[in-house]
Each structure stands twice: as structure tokens, then as C-alpha cells.
A.B. asks: 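Quick one: this structure, given as C-alpha cells, is what I'll be asking you about.
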Amino acid sequence: MISIIRNLYIILKTSSATNSFLIILLVLINSLFELISIGMLLPLISSFADETVLVKIYDIVKSQKFFNLDYLVYDRKSLFKYFILIILFIYSIKFLINLFFNYYLIKQKTIYEKKITNTFLLDLLGSTKFDILNLPKSKILQDINGRITLVTQSIYDFSYLSAELIILTSLLLFFFITLGTNILIPICIFIFLSIIALNLLKKKAVNWGVEREKGGNAKNKSLLDILEGAREILVFGGFKSLIEEFKINNSKYLEPARKLTFWRTTPRIFLEFCLFSFILIYFSYIINQNLEFEKIIGSLAVIVVVLLRAVPSLNRIIFFYTQLKYASEAIQIIKKILQTSSLERDKTLDKEINFSKKISIEKIEFEYTPKFKIFENANLLISKDEKIAIIGETGLGKSTLVDIIAGLKRPSNGNVKIDNMNLSEEYTKSWIKKIAYVSQRVYLFNSSIRNNITFYSDDKKVDNKKLNEILKLVELDNFVKSKDEKELFSVGEFGSKVSGGQRQKIGIARALFSDRPIVIFDESTNSMDEATQKTILQNILAFKNKTIIFITHSRNLAQKFDCIYRLENKKIIKT
């Protein structure tokens, strides 16, 4: 439990989530008024069964001199009425405090979830290790949609657990003070059984939490496969095995929650049985003590009132404790991610790098596995504003080379230098800001053509003259003019409303609109017809102040460039 609390604190601190002190204060105030309300109720209940209780209260009120209450409390009946009004007032305050406490916790839970999610995404996108490119998308989805929600729910659960622990501890002390050692043995037995139950639940909850995390990753992976591969599934009819895989993984995700839900409700049934048994046993015990009937009923009424609050309190403690243990795996994972990102964030990793002369790749080696080496002692020199083409068969490492030039991947040996400056980690962010990249399959956001090109929302002003010139340059102007919405035409989810060639044109327009000095094209025109490719390529090559790196299979297109490089035998060969 201590490790869970420590991890939650680290997560909140790393995410700059504050107001934890106010939550602690509200926990104490809420617990205090819960106890005051029970304390005020006990003498009222006792007075119904035992009139001497009301007599004692009346004598105390009449004997005090500080408050002159004679005009209000003139007999026992009037005292009883005012006592009820006071209890009603106390319970009204308690109700408002409980309401505010719950409202504030839910509000803070939402705020914390926003801050933790935002920090998580910013760290993921800002990492110089480019984790977002290397981690499985299914895991990232599970982190955001599942684990972070469990973390913030744990803050809510821990707050209520703390409040219930204070209340239960106070009620147990009341038992010891009022009933003495007679109550010690049954309470010890009860606590012993509760500890055993908690330990059993703790181990199971942790295991179920781990199972659910793994199941969540697998479920998201299956779902992404189905959604991303919908076209191929429909054409080839291979959905049965995918659906079966999804069913298995979904079951792995849901089954631990089913087990936990059952075991969470079991303590309530057990505690209700214990409560009823204890009342009957204690009633039998005090009857044998030859006490007056009124005193027996009075004592029993007090015990019932206290137990009616203590038992639900213990049930909630078990519930919230189990929830926290269940979430421990998610808390540990999110803490580790944020803590690692925080250490990286604290370093100075955004030094400016200048590009005025050349990009040098010197004797690099790169391998995905020891048996799968892509480059070995490979060299490449690209002068500023030079236009080069890189050709090679599929699988020889053209896209890997692009990633190395861009700083997205690091060679296992050798150097990448910019103007003789080694492209080390602290310069990576600055270097990437100088590069525009167009992939073979351009990703389009579910928004307008304008937004996809400029990255400005549709209600923001952009340089329309520049936008229209680029639309014409990539031959998108006629397509845009044909739409009623013009450049505000939505491309649909994953670009479903545009063709493959139009998708690539939008990607090229995006790169040119960014106006960066280096533009990398990775098979970025292969969905267009030959005439369109040549026209757009001619327009791109007309830019005098841009360094162009063009990856292609086509030797005909490559002929238009200043230099042509071929990938062969793990080397980069100038042709």
C-alpha cells in the first residue's frame, strides 16, 4: 500500500497536478462530521429506551451557566425537540459536506486525468528517443484509455479509503471505551478474519490487475488489426480468425474484472452475517448479566447504531483497498513512463544546430538484429540545396536511411554530421524542425484539406495566396474548386473521401507549405500517373533553396536529379 501511495504521489508531482493538500483537509473534515453526526445520534436513540439518559442530559443543560437556555429548555419534552433540531442541523451540514467532498473528488479526478494524459502525450511526442514510433499502438491506447483512468480512479478510492479508516478506527475506540474488555474478543476475531480476507483479496486483485493489463493490450491490438485492415478483410474474407482472436483477447480483458466484481461484493454479505450474529450473541450475553430491561435495550440500540455505520465502513475499506491493489500494476507502469520522461525533460535536449553546407553520413552501420544488418560501412554526402535521388530494391533500407538522416533512428556505429557537427541527441529536436517528410502512405486527419496542409484549424487565418500557389503546384487546385466547400472540404476518416494520388498530393502540399529547408520524399508519388508525377516533380525541383531527398524505384524519375545513389550490398553507391 505504501508503494502505491508513493507512486501516486510521483505521478501527480510529475504531471504538475496540485491540490492534494485540500483533498487531505476535506478527508479530515468529512470524517469529523461523520463521527459528530453518529455521536449526536447515540444519546437520542438511548433516550428512547432509557429515560434516565434524557434526565441526565436535561440536568447538564440546566446546570451550566454560560448559556442561558431556560427560556428554550423549560422541560424534558422541549429538550427532546431541540435535541432533534440540533441533530437535523448537524446532519444537514454533514450532507452538504459529503456532497461537496464527492463533487470535489470527482472534479479533481477529471482534472488529474486531463493533466496526466496531456503530460503523457506531450512526453511521448517530445521524446528524443521517439518512443511513439517504437511502441505498439495497442499499448499506447491501453495506457491512455485504461491505465491512466485507473490511476485517477485510485486517487478517488484512496481519499475515501482514508476517510473510512478514520471513521472505523474512531468507532472501534468508542466500543472499547463504552463496552470495555467484554467486546475485545469478538472484535479481535472480527479484525483477524478481515485481515485474512484482505490478504487473500490483495493477492488475487494484483494478479487480476496484471491479467487485465495484458488482456487490454491484446484486445486493442486485435481491434486495430480489424479496423486498419478492414479493406483486406472484406476482400479476402479472413475476418473469422480475426474475430475469434478478438473474442479471446476481449475475454482475457473482461474476465479479471468479473472475478474482482464477485469478490468485492462477497465481503458485504459476510459482514452482514457477522453483524447479525454479533448482535444476537451480545444480546444473549447482556441478558445473562441480569441488567434492567431498559438498560439492555439502550445498550443494544447504541451497538446497533454504531455497527450499522461500522460494517458498511469496513465493507468500503475492503472495496477501496481491493480497487487500489487491482490498479497497482497500471499505477506502476504509468509512474515508470512519466518518471523516465521527466528525467529526459529535465535535460537540455533542444540545442540549435545550423545547416548551411552539408549532411555527411560517415561509415555507418545499422542492424535490426545481429543477423539482419542493413548498412555496413556506408557513406553519403548531401550538399545544401542539392537534389538527390536514392534508388534500390524493396527491403534494402531506403526508408531506414531516411530515418537515420532525419535523426529518427541512430546508427549502431558511424556518424551523421550536419556541417561537421555530430548529430547527437541534444540536437535532434532542432534538426527535425528543419525537415519536411512525405511518406508513401500519407496520413490524413479527419478534417479539411486546408487543415491537413497547414495544420491550422479552419477558423484561423492562413496565407491564402501561399496555399493557393501550392495547391496549383501539386495539381490539387481543380479538385478543390470542384467542391462546394473548396479547401474546407473534409477528407473523411483516414482520408476515405480522396483517392490515393490525391492523398499523396495533400502530403506533398503539406511539406511545401511548412517551408522547411529539407524535404524528404519516400515513394511519395507512386499512386499518381506518370504524367502527373513528372509535372509535380518538375515543380518541386524548381525550388532553388531546398535540399530534396527523393526515394524511388523509378530510374526514369531519378534521372532528373543532381545525383543518384543506389543501395546495394549494404552500401550507398553513387551512380
A.B. asks: Looking only at the side chains, is there a donor atom on one of Gln538 and Thr535 sitting less than 3.5 Å from an acceptor on the other?
C.D. replies: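 No donor-acceptor contact under 3.5 Å links the two side chains.
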A.B. asks: At their closest point, which heavy atom of Gly407 faces which heavy atom of Thr428, and how far apart are they?
C.D. replies: O-CG2, 3.7 Å
A.B. asks: Under the salt bridge (charged side-chain N to carboxylate O under 4.0 Å, His left out) criterion, do Lys417 and Glu362 qualify, and how do the steps go?
C.D. replies: CA-CA 8 Å; Lys417 292 184 177 180; Glu362 302 175 354; 3.5 Å; yes
A.B. asks: Of the non-hydrogen atoms in Met528 and Gln504, which two are nearest, and what is the gap between them?
C.D. replies: CE-CB, 3.7 Å
A.B. asks: Determine whether more than 12 heavy atoms belonging to other residues, nucleotides or ligands lie under 6.0 Å from atom NZ of Lys107.
C.D. replies: no
A.B. asks: Under the side chain to side chain donor-acceptor pair (under 3.5 Å) rule, what do Glu113 and Thr149 come out as? Steps first, then yes or no, please.
C.D. replies: CA-CA 7 Å; Glu113 188 158 352; Thr149 301; 2.8 Å; yes
A.B. asks: Check whether any side-chain heavy atom of Ile391 sits under 4.5 Å from a side-chain heavy atom of Arg555, and report yes or no.
C.D. replies: yes
A.B. asks: Might you work through the salt bridge (charged side-chain N to carboxylate O under 4.0 Å, His left out) test for Lys433 and Glu352, ending with a clear yes or no?
C.D. replies: CA-CA 10 Å; Lys433 290 174 185 176; Glu352 184 63 30; over 6 Å; no
A.B. asks: Between Lys571 and Glu376, does any NZ, NE, NH1 or NH2 come within less than 4.0 Å of an OD or OE carboxylate oxygen?
C.D. replies: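 Between Lys571 and Glu376 there is no salt bridge, as every charged N stays at least 4.0 Å from the carboxylate O atoms.
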A.B. asks: Can you tell me if NZ on Lys363 sees more than 12 non-hydrogen neighbours from other groups inside 6.0 Å?
C.D. replies: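 Incorrect, the count does not exceed 12.
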A.B. asks: Report the C-alpha distance between Lys472 and Asp477 in whole Å, list the side-chain angles of each, state the deciding distance to 0.1 Å, and finish with yes or no for salt bridge (charged side-chain N to carboxylate O under 4.0 Å, His left out).
C.D. replies: CA-CA 5 Å; Lys472 188 175 181 180; Asp477 52 333; 5.9 Å; no
A.B. asks: Set out, in order, the CA-CA distance, both residues' side-chain angles and the distance that settles side-chain contact (heavy atoms from CB on, under 4.5 Å) for Val480 and Phe489, then state yes or no.
C.D. replies: CA-CA 8 Å; Val480 169; Phe489 171 74; over 6 Å; no
A.B. asks: Test your reading of the model: is there a side-chain donor-acceptor pair from Asp419 to the backbone of Lys357, 3.5 Å cut-off?
C.D. replies: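 Present.
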A.B. asks: Answer yes or no for Lys387 and Phe550: cation-pi contact, defined as NZ/CZ to six-membered ring centre under 6.0 Å and angle to ring axis within 45°.
C.D. replies: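 That pair does not qualify as a cation-pi contact.
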A.B. asks: Are the side chains of Val474 and Leu512 in touch, meaning some heavy atoms are under 4.5 Å apart?
C.D. replies: yes
A.B. asks: Count the heavy atoms belonging to other residues, nucleotides or ligands that lie under 6.0 Å from CG of Asn464, then report whether that count exceeds 12.
C.D. replies: yes
A.B. asks: Could you check Phe445 against Tyr443 for ring-ring contact (aromatic ring centres under 6.0 Å, His included), going step by step and ending with a plain yes or no?
C.D. replies: CA-CA 7 Å; Phe445 302 94; Tyr443 184 83; 5.2 Å; yes
A.B. asks: With rounding to the nearest 0.5 angstrom, report the OH to CG distance, Tyr427 to Asn354.
C.D. replies: 9.5 Å
A.B. asks: Going through the distances and angles, do Glu367 and Ile374 end up as a side-chain contact (heavy atoms from CB on, under 4.5 Å)?
C.D. replies: CA-CA 5 Å; Glu367 56 188 29; Ile374 302 293; over 6 Å; no
A.B. asks: If I take atom CZ from residue Phe513 and atom CG from residue Leu473, how far apart are they, to the nearest 0.5 angstrom?
C.D. replies: 13.5 Å
A.B. asks: Evaluate the side-chain proximity of Phe375 to Leu401: yes if any heavy-atom separation is below 4.5 Å, no if none is.
C.D. replies: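 Leu401 reaches Phe375 side chain to side chain.
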A.B. asks: Could you check whether any side-chain heavy atom of Leu381 comes within less than 4.5 Å of a side-chain heavy atom of Asn379, counting everything from C-beta outward?
C.D. replies: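 No, their side chains stay 4.5 Å or more apart.
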A.B. asks: Within the supplied structure, the quantity of interest is the number of heavy atoms (other residues, nucleotides, ligands) at a distance under 6.0 Å from Gln559 CD; does it exceed 12?
C.D. replies: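 It does: Gln559 CD has more than 12 such atoms within range.
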A.B. asks: Does Val438 reach the side chain of Asp522, with side-chain heavy atoms less than 4.5 Å apart?
C.D. replies: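 Result no, sub-4.5 Å side-chain heavy-atom pair not found.
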A.B. asks: Is Lys252 atom NZ crowded by more than 12 heavy atoms from other residues, nucleotides or ligands, each under 6.0 Å away?
C.D. replies: no
A.B. asks: Working note: Arg566 + Glu568, criterion salt bridge (charged side-chain N to carboxylate O under 4.0 Å, His left out); need CA distance, chi angles, decisive distance, verdict.
C.D. replies: CA-CA 6 Å; Arg566 185 178 76 255; Glu568 190 176 289; 2.7 Å; yes
A.B. asks: Please check if the number of heavy atoms outside Lys114 that lie under 6.0 Å from its NZ is greater than 12.
C.D. replies: no
A.B. asks: Using 0.5 Å steps for rounding, measure from the CD1 atom of Ile155 to the CG atom of Leu105.
C.D. replies: 10.0 Å
A.B. asks: Do Ile540 and Phe521 touch side chain to side chain, with heavy atoms closer than 4.5 Å?
C.D. replies: yes
A.B. asks: Check whether any side-chain N or O of Lys546 sits under 3.5 Å from a backbone N or O of Arg516 as a donor-acceptor pair, and report yes or no.
C.D. replies: yes
A.B. asks: Quick one: pull up CG in Asn468 and CG in Leu476 and give me the separation to the nearest 0.5 Å.
C.D. replies: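 Going from the CG atom of Asn468 to the CG atom of Leu476 covers 11.5 Å.
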A.B. asks: Going from CG on Leu324 to CD1 on Ile331, what distance comes out if it is rounded to the nearest 0.5 angstrom?
C.D. replies: 6.5 Å
A.B. asks: Do the side-chain N and O atoms of Gln533 and Asp529 include a donor-acceptor pair separated by under 3.5 angstrom?
C.D. replies: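 No donor-acceptor contact under 3.5 Å links the two side chains.
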A.B. asks: Does atom CD of Glu530 have more than 12 heavy-atom neighbours, drawn from other residues, nucleotides or ligands, at distances under 6.0 Å?
C.D. replies: no
